[in-house]
Every structure is written in structure tokens, then in C-alpha cells.
A.B. asks: 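Okay, handing you the structure first.
Convention: sequence-line order gives letters A, B, ...; per-chain numbering from 1.
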4 protein chains.
Amino acid sequence: MSRIGFVGLGIMGGPMAANLVRAGHRVAGYNRGPAKVERLVAAGGVGASSVAEAVRDAEFVFTMLPDSPDVEAVVLGEDGVLAHAAPGTLLVDCSTIRPDVARRVAEAAAARGVRALDAPVSGGEPKAVDGTLSIMVGGEAEAFAAAREVLGAVGTTVVHVGASGAGQTVKAANQLVVAGTIGLVAEALVFLEAHGVDTEAGLTVLGGGLAGSTVLDAKGRKMREREFAPGFRLELHHKDLGIVQSAAREAGLSIPLGGLVAQLVAAAVAQGDGTLDHSALLRQITRLNGRD
Amino acid sequence: MSRIGFVGLGIMGGPMAANLVRAGHRVAGYNRGPAKVERLVAAGGVGASSVAEAVRDAEFVFTMLPDSPDVEAVVLGEDGVLAHAAPGTLLVDCSTIRPDVARRVAEAAAARGVRALDAPVSGGEPKAVDGTLSIMVGGEAEAFAAAREVLGAVGTTVVHVGASGAGQTVKAANQLVVAGTIGLVAEALVFLEAHGVDTEAGLTVLGGGLAGSTVLDAKGRKMREREFAPGFRLELHHKDLGIVQSAAREAGLSIPLGGLVAQLVAAAVAQGDGTLDHSALLRQITRLNGRD
Amino acid sequence: MSRIGFVGLGIMGGPMAANLVRAGHRVAGYNRGPAKVERLVAAGGVGASSVAEAVRDAEFVFTMLPDSPDVEAVVLGEDGVLAHAAPGTLLVDCSTIRPDVARRVAEAAAARGVRALDAPVSGGEPKAVDGTLSIMVGGEAEAFAAAREVLGAVGTTVVHVGASGAGQTVKAANQLVVAGTIGLVAEALVFLEAHGVDTEAGLTVLGGGLAGSTVLDAKGRKMREREFAPGFRLELHHKDLGIVQSAAREAGLSIPLGGLVAQLVAAAVAQGDGTLDHSALLRQITRLNGRD
Amino acid sequence: MSRIGFVGLGIMGGPMAANLVRAGHRVAGYNRGPAKVERLVAAGGVGASSVAEAVRDAEFVFTMLPDSPDVEAVVLGEDGVLAHAAPGTLLVDCSTIRPDVARRVAEAAAARGVRALDAPVSGGEPKAVDGTLSIMVGGEAEAFAAAREVLGAVGTTVVHVGASGAGQTVKAANQLVVAGTIGLVAEALVFLEAHGVDTEAGLTVLGGGLAGSTVLDAKGRKMREREFAPGFRLELHHKDLGIVQSAAREAGLSIPLGGLVAQLVAAAVAQGDGTLDHSALLRQITRLNGRD
């Protein structure tokens, strides 16, 4: 049993905190607005009325926040995690943010005697609920070892990929591949539709050969039927592709396919599809072809 | 037991013909040069010294040839399949060719009382050997029904996707998705390497989440280790992307990702990597980044 | 004074033939439908009721036709130019067609003792009317020399760029650069508009620096004001980019920007803008950004 | 006659300051290291040993610096321009930086009673020497009016394009169009070379038609002959395309051609061509095609 503070109890953070409770840990959760905190209390957790209260006495502090500035505010801010965490605490940031911000957070933590891991997750709400997320962890091996057991309560594939920021780097690569694969499946679908092919049969054969992918399995049928309730919102994927672009630029990299799919996603958001599931990139390819 | 003529006994055609023999059929095989014919004879088939001889008396004629002009020559040519096949024969063309050529072949066959299916395959040499190919079949439902059993000797996923040419259309979509996915995995790998991430761990996590794909499973490790013995040659994929481009143009389609990956594959071939496995597109992304 | 046959009296061919008349030549013109022929007669030319009649007795035969198949039909066809032209005639094809077709036409002509030049033009209807076209000529130097004077009646920049087909190759390069430049100006305009910049002032400064171009001079103001009456129709530019793509593929070339702009033009045509001026590619960029 | 402080006496700033001297102004110049200051003194200017000294008593302060962080340091820094400029001074920043930084600088200046214009220039070293630059100016109309005369000493096209930051926005659009045009000319050249066309003649005809551009005029011949001494370094253009990308992202824009050319320029820099002239993007297109 560990004492855990958890800040950010949204679509992903909420079920993750509940799974930590279920695994026998004491979880003190904080979120802006009482509703989400109450849900954690109902699941057996402890309600906290501020970051300070969530963090105090915690051995582990989990954060699950939307974007880099949120993490900077909540962790580095005046009344934030580092201002209240005791030396020796282990910070596990599960947000998807810029790798350089993750490194900055880890340095600031170290200056306070706090260890930090960047531990973004993949798999979406269903796997957050089931506790079967993939977790890509950056930071020191010793800190990873210390967090390994608690992370096991929220994910099944938990891998240490390198030093601070490396988790975010792998997550960026993940988002590049996912957006690109959605785009490719979308182009293939429009191609088959335009040629009058039976797309149900078509997707079956594609899935059975070298064109198969988790995207095709998880989203292919929904894309065929134009079901785009999120899921993972296109506007968040757009944000993530911004991270990919700047991480590429910082490393002096050329990623032509990643660059193009980022432009297509930007177009989809500009045309008002940002709140749909990211598989709605299909709508952009459809519009390009005057077939909407 | 059926009487089958088989023209084109190469890397794919050879093992496919052998599997037909194994399933109990009488297979008369022809190839330019005696070596490949002898291999079929050793496997229990019958050697034919010309297309005419392979085709004569056959209930089914299989063709497995490199490109559209080859199929036009062998099927429509002066001394070709249609010149010698008896009315009622069923032609099963497993080559990857242009959908419009497949339709033209089917029309020419019909004029001779010969039924025709376009039945390109996916899965590469290992699945050709195992008889577990995916087969995407275009043509009349009745002809598909008649060929269903013999096709079962070479593939496990055998799907009727539409009228004549539809098999080729689905294969084109397949090649678009496969090339694009290889490109995305390549960009992700170079991205991870440039950021000093442990790529073995990285690919594991990618594979476990929404970024997972058959390409990543089948080729990810080899790409990491730069093993590019073919497999499916990049120059053939380049040819197939030419088919994708013209099929898109004929249908008035815009496929931006497909268009860009075709340019990247063209560059890879132009730089001399055409005879490597198509996963060697990684070398192109690596060179772009001055990291070769 | 030369005897000239002229086949194809459309938007470009009509004024070109009239300029040849004005320069003192005897021009026998043919077009499908009498209206365009009558216009040439009104301008002082001679009406011909068939290709045969236009070609008979001619020293030079000009053709100005929409696409490769038209040239193949009119020049190589049963009752076409080569069937009726006397040996020693010089064929000047001003159509924009595939370089390989231009070479094939030249070979067929040579077999009949007819010399041939591919001589596509640039500059649009206004320069066709003024006789100030740019003409890029492929073929033998001796044939170019023989045609130099008559070409001077329709264009001011008349350049011999290489052997048969080279004129078409340069025209293809021209169309690649023009489409790309329109696309870049369109992106710049949308960029300035989205940032609330005074675009009239903005285009003035762009035009004065290294970003200046003939496209910006000729079409910038119209693009700002969304005036898209053709001019050169987007659907013809789409056809020309198809020529660029296949000429690149035949030469084993990778042209990423050319490839992408071809996809954007294809999208514009798919969305119904094919009959507008090619500068209407701006509408495609505007739509991509949800700003239409 | 005005009193002018000038910070940043490099390839562009040096001749610009000298032209201000020539126009009769008192110019106090500062640069890190004495060599460049001495050159200004030799041209009739006044040497300053610090930003403070250059700025003190000045009516106008010009800055010409490489990148956003340099401007932030020199203008906003502890011992910077704003710390020493008297209220009423007019700051003219000619650097190419991010529009949001330009706005931030203007706000900080206003808080000190200093007016500020962003006034990036276009035309390169030759036009800086000749005093014929294009200058795109953002800021208040009244400040533009006040600076109009001194700007006339360094440029011939001096245009007020909008509020603070608008000058940088137009410069970003300029850099997008210029990089794209260089890329298009490069693809056209490689296309012509691969087809064995006489490229000298080819570029002449391209220049005479709708494909003509200032890039083609100023750099076409050098690109043909592979002369890539800078001029404007590719690595600076790479930086500018980073500005374009983030300005597009902030405005929620999709600019596919701009995105792709940024990837190509990134590749060129990654492969070691960053210190060559930006027209050396041709080398990247050449390498893509295995023709280097």
C-alpha cells in the first residue's frame, strides 16, 4: 500500500485513479470543480481540496493534464506540486506534453529532492478503465523501478524507454504513426468507395494482409459508417502533432509524412471537426474529393 | 481434382503452383526457361513447354506475372492464353496490374467464352509457401464461386470484393497503405534514434498501442537492425504505386499521403535501393536526415 | 509567303492562325464545326472542310489540340495529317501533350518523309492574340531553322530546347512551376488574411522582393478579389500535371512539390472548380482552412 | 538629419547603417567585437561600445539581429535598448523574428514610452548595399509616418502593412513563397536535366512565360552552374520556415506546400548544406534523385 496524490481526474485520470484505489493504495485526488473529486471518493478514494492537500504526505504524485502549460502551472506553479511535495516523493506525469518541458519539470523536481518520471499513456478511455494502458516511461532507472508496481495497476505494457523526456518522445512518435495511419486508411477507403468496391469486404482483406493495423481494427468499421463520437478528439491530436513538429525541428529532423499529416489534421480542425474522434480525419479526405 | 494450367512460376507463382499440386490438382506449369518448370515437376506437377501446352485441356488457368504488359502479352498475345483456352475455361490472374487492364483482359476473355477473375494476393513469399495468402478477387460472383475451392489451396482469406478490376483496386489500396505505413514507421524510428531513445523498447510500446500494425510486427525489428534482404522488392512497390497514382487520377481522386509516399519511394529507387526489401524505405528517411 | 494548314482553331489556335494570315501566309484552317472555320475565313484565311483539305499542298501544318489522344487521332489517324501530307511537309504541333507521344508522332512523320516539331506555347489567350507567345520547340535543328520565320508570327520568345519531345518536356516543367507558384501565392494570401494583414499592401511588398513572380503580377490582384473567370482552365492544368507525373515516373524522378501540388489541383477539380481559371487553386487552399 | 542608434552591423546591418550615414544622419553603431564597428566609423559613423551608448540620445534605434532570442536579449534585456532609450524614441527592428515576439517587444516598448516598428527587409546583401531593399512595416500609422524618411535611405519599396507584428507576418509569407519557388525551380531543373534538355534554353523559355520569377532571374543561372556561395544561408531560411510553421499553427492554418518545403529545407540542413545559399535546396532535390 502506497500513499498517492492524483491531480487531474478527467476522462483518463479519473479511471486511472480509481484503478489505483482498487489496487489497495490510498489515493488523495484533486481536480478543479468538486464533481470529479466526488466520483473518486465514491470509488473509495480521498477528496483533496487543493494540489497542496493532494500532495502532502504522498509517496507518489500522479498528474494527468491536457497540455504543457497545464503541467507547468500545476507542477512548477506557486502553489503547485513541487511547492508542497516532500523530498523523496516520486512524481509520475502521465500527461502528453513537450519532451523539453518534461525535462525541465524533472530538473526542477530534482532541485527540490523530488524524483520525476514522464509516463504518457496510450490506449484511450477503454484501456484506462480496464487498467490495460501502454505506458512509455522516461526518467532514471531507479525511479522507474520504484514506480513499476503502482504503474502496474493502470497499465499492462509498462516500458522504460530512456532518460527524462524519452517517454514523451516515444509518445510523440506514437501520435505521428497513429495520425498517419488514420490518414492512410482514410485515403484507402475513399479510393475504394470512388471505385465502387464493396468496402466491407475490402477492409476485411486489407486487415488480413500487410496493410493490417490496430487503427484498422479499432476504427475501420466506424470510419466506413461515419461514426465519429470521441474517443480521442482530433483537436488534441492536432496539439500532439504540434509537439511532434517542434521535437523534430529541435532535433534537426525532416519527417515529410509526419509534416503532411499534420497539415491535413490542421485543415480538419480549421473546418470545425476538432471535437470529433481523430478518425474523423476521414471527413477531411472525403471533402478534398468533393464526396461529402 | 481439377486440371489447372499455371503460367509464371517465380517467387510467388512457384510455391502457389506447388500448393495446388499438393491439394490434389493436376497442374501443368509453364515458365520462360526450364529451371522453374523442373522445380514444379519435382513437386509433382506437369511440365509444359509453351503457354499453349499449359492451357490446353485446363479447366482453370492461373497467371502470376510481374506487370500489366506481361499479362497483356501472355493472355492477349498471338500465341497466348486466350488463343488456346477452350470456351468455359476460368482464367485466374494473380498478378498485380492496373485495374483497367484487368477489365480489358476480362472483356477479351468473355469474347472468347472464357471467364476471368483478377485475384491479386497479399502476404509475400512466406504466405505463398504456406498457402495462407490473402486473395482479393474481382469478377462475376458465379466465377468466384467456381474458383473458390482451388483458391482455398493457396490462400486463407479469399474475398470477393466486386466486379472485374475490383481485386486490383483493392490491391492498389493495399499497396498505398503498406507503403505509407512503412514510411511512418521509418520516420518514427529515425525520430526515436535522433532523440537517443532505446528503440527496441520504443517499438515495443508503439506496437502495444494504437500505433500497432502488421508492418511494425513483421518488419519493425529488421528495420531497427537494417536487414533489408527481400522479401518484396522496393522497385515492385514503386511500380504498384504507379498503378495507385493512375487509378486515383482516372477516378479524379486526391490522395495526398499516397502521393507523397510515392515520391519518397521513387527517390529510394532513384538512389539505388530498388532491389532491397520495401522496408528499406527507411534508408531514404535516414538519408534525408543525414544519418546514414 | 508560305502555304500553311492549321488544324484546331480554338481559344489558342484561332488567334494563332489569324496572326499567320496577318503575316502574309496562306492559311487553310480546319476545325470540327463550321463556326470557328468561318471566323478564320473572316480574318482572311481559307476554310477547309477536312483535315485532308487543310493539309493538301501545305508546306507547314500546324496542330493545336487539347490532349495526347486528339493529336494521335488527328495526326496518325486513318484520314489524318500524315495520310495526306506530302513528303517534305513540316508539321508543327503546338498542343500540350505527353513527350513520349510527341516522339512517337515525330517518328511516324519521319517514316512518311514528313518533318515534325513539338512546339507547345506559353502565355495564354492574350499573348496568342498579340502574337507574343513563348514557344518551346523540340525536334531537329534543321527543321527548327525552317520553321523559325513562321513561328515568329505567333511568338516572341521562340527557343529550340532539344530533340523531339524536348518542347513538351520543357512545357511540362513550365506547368509544374506555374501550378506550384499559384499554390504558394494562395497559401501566402490565406496566411496574410488569417493574420489580418492588409493584403493589397502585402502583395505589393512580396512582388517587390525575392518572392516576386509573373504569377503574382498577372494573377495576384485577381486572386485577392476572387476573380476566377478563365483564362486557363484548372481542369486543363490538371491534365498537364498528369503529363508531368508520368514524365517524371518514366525518368525515374522524385518531385515532391510537384507531386503535392498535383494532389491539390486534383482536389480542386474534384470539388467542381475545373472550369475556373487555374488561379482558383486559391479556393482549394481557402476551403482547407475553413475560410470559404 | 536625425540621431540614429544602430545595433547589429552584420552582412545586412553594416551596409544599412552606412547608407543612413550617407543620407546625412548621425549614426552611432554597436556590434559585438570591434571589427564591424570600425567599419562603420570608417564610413563616417560613430562607434559605440555598448547598446547603452548607441541608444543614448538617439531619436531612432535600428536593430538588425539574427533571431527572436537575440532581439529579446538586446531590446528587452537588463542592459538593453529599452533600459536606456529615452521616452519618445522610435525603435525600428529590421530583424526577421516571430510575429508574436515583435508584438511583445512593441508592448514592452510602449510601457516605456518608446514607439516600435517591426520592419523586416527583403532583397539580400546586394540590395542592402544599394539601399534598394523592400521593407514591410508593422506598427502604428503615426510611427510609420515618422520613420518613413529614414527608411527611405535603406529601401525603395517601403510599405506599411498593418499593426505591430504585421511586418513579420508578411516577411514570413515572403519566406514561404521564396523557399517554395526555389524548390519548384529546383524540381524543374532536375526534371529538364534528367530528360536531357538544354537547360540554358529551357530556363530562358520558362523565364519568358508564366513560370517566370525573381528567383529564376536572380538564381536560375547559378543553380544551373551549381554556384552556391551565400547570399542568404539555407540555415537562416530554415529558421524562418520555423517561424512560418508556428505562425500558421497559432492561426490554425493548413499550408501544405509550405509544410512540405519546410521538410525539404530541414533535410538539406540536416545533410550539411546549411551554410550554403538557400538556392542550394537544389542539391537536396538532386540527391533525392540520386543525381549528385
A.B. asks: Please report the closest heavy-atom contact between C:A173 and D:L206, naming both atoms and the distance.
C.D. replies: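 Shortest heavy-atom contact: C-CD2, 4.2 Å.
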A.B. asks: Which heavy atom of D:A248 sits nearest a heavy atom of C:F191, and at what distance?
C.D. replies: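 Where D:A248 meets C:F191 most closely, the heavy atoms are N-CE1, 3.8 Å.
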A.B. asks: In terms of heavy-atom pairs under 4.5 Å with chain C, which of D:V197, D:V215, D:I135 leads?
C.D. replies: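 The answer is D:V197.
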A.B. asks: Where does C:A186 contact chain D at under 4.5 Å (heavy atoms): side chain, backbone, both or neither?
C.D. replies: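 Contact with chain D: none, neither part.
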A.B. asks: Which residue out of D:I285, D:V121, D:V161 racks up the most heavy-atom pairs below 4.5 Å with chain C?
C.D. replies: D:V161
A.B. asks: Over all heavy atoms of both residues, which pair between C:A211 and D:V178 is shortest? Give the atoms and the distance, please.
C.D. replies: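 For C:A211 versus D:V178, the nearest heavy atoms are N-CG2, 3.6 Å.
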A.B. asks: Show me, pair by pair, the donor and acceptor atoms from chain C and chain D that are under 3.5 Å apart.
C.D. replies:
| residue | atom | partner | partner atom | Å |
| --- | --- | --- | --- | --- |
| C:S134 | OG | D:G208 | O | 3.4 |
| C:V161 | O | D:D198 | N | 3.2 |
| C:E187 | OE1 | D:L257 | N | 3.4 |
| C:E187 | OE1 | D:G258 | N | 2.8 |
| C:E187 | OE2 | D:L257 | N | 2.7 |
| C:H195 | NE2 | D:A247 | O | 3.2 |
| C:D198 | N | D:V161 | O | 3.2 |
| C:G208 | O | D:S134 | OG | 3.4 |
| C:G212 | O | D:T214 | N | 2.9 |
| C:G212 | O | D:T214 | OG1 | 3.3 |
| C:T214 | N | D:G212 | O | 2.9 |
| C:T214 | OG1 | D:G212 | O | 3.2 |
| C:A247 | O | D:H195 | NE2 | 3.2 |
| C:S254 | N | D:N289 | OD1 | 2.5 |
| C:S254 | O | D:N289 | ND2 | 3.0 |
| C:L257 | N | D:E187 | OE1 | 3.4 |
| C:L257 | N | D:E187 | OE2 | 2.7 |
| C:G258 | N | D:E187 | OE1 | 2.8 |
| C:N289 | OD1 | D:S254 | N | 2.5 |
| C:N289 | ND2 | D:S254 | O | 3.0 |

A.B. asks: If you count heavy-atom pairs under 4.5 Å with chain D, which of C:V177, C:V185, C:L210 comes out on top?
C.D. replies: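 Answer, by heavy-atom pair count under 4.5 Å with chain D: C:L210.
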A.B. asks: Taking atom CD1 as the centre, does C:I11 end up with more than 12 heavy-atom neighbours from other residues, nucleotides or ligands that are less than 6.0 angstrom away?
C.D. replies: no
A.B. asks: Pick from D:G124, D:G162, D:A247, D:A179: which one has the most heavy-atom pairs with chain C under 4.5 Å?
C.D. replies: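 Option with the top pair count is D:A247.
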A.B. asks: Considering only heavy atoms and a distance below 4.5 Å, find which of D:G290, D:G165, D:P256 pairs most often with chain C.
C.D. replies: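 Looking at each of D:G290, D:G165, D:P256 in turn, D:P256 comes out on top.
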A.B. asks: Rounded to the nearest 0.5 Å, how far does CD1 of C:I255 lie from CG of D:L288?
C.D. replies: 11.0 Å
A.B. asks: Against chain D, work out which of C:V170, C:L253, C:V159 has the most heavy-atom pairs shorter than 4.5 Å and name it.
C.D. replies: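 So the answer, after comparing C:V170, C:L253, C:V159, is C:L253.
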A.B. asks: How close do C:G180 and D:L184 get, counting heavy atoms only, and between which atoms?
C.D. replies: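 What the structure gives for the nearest pair is C-CD1, 3.3 Å.
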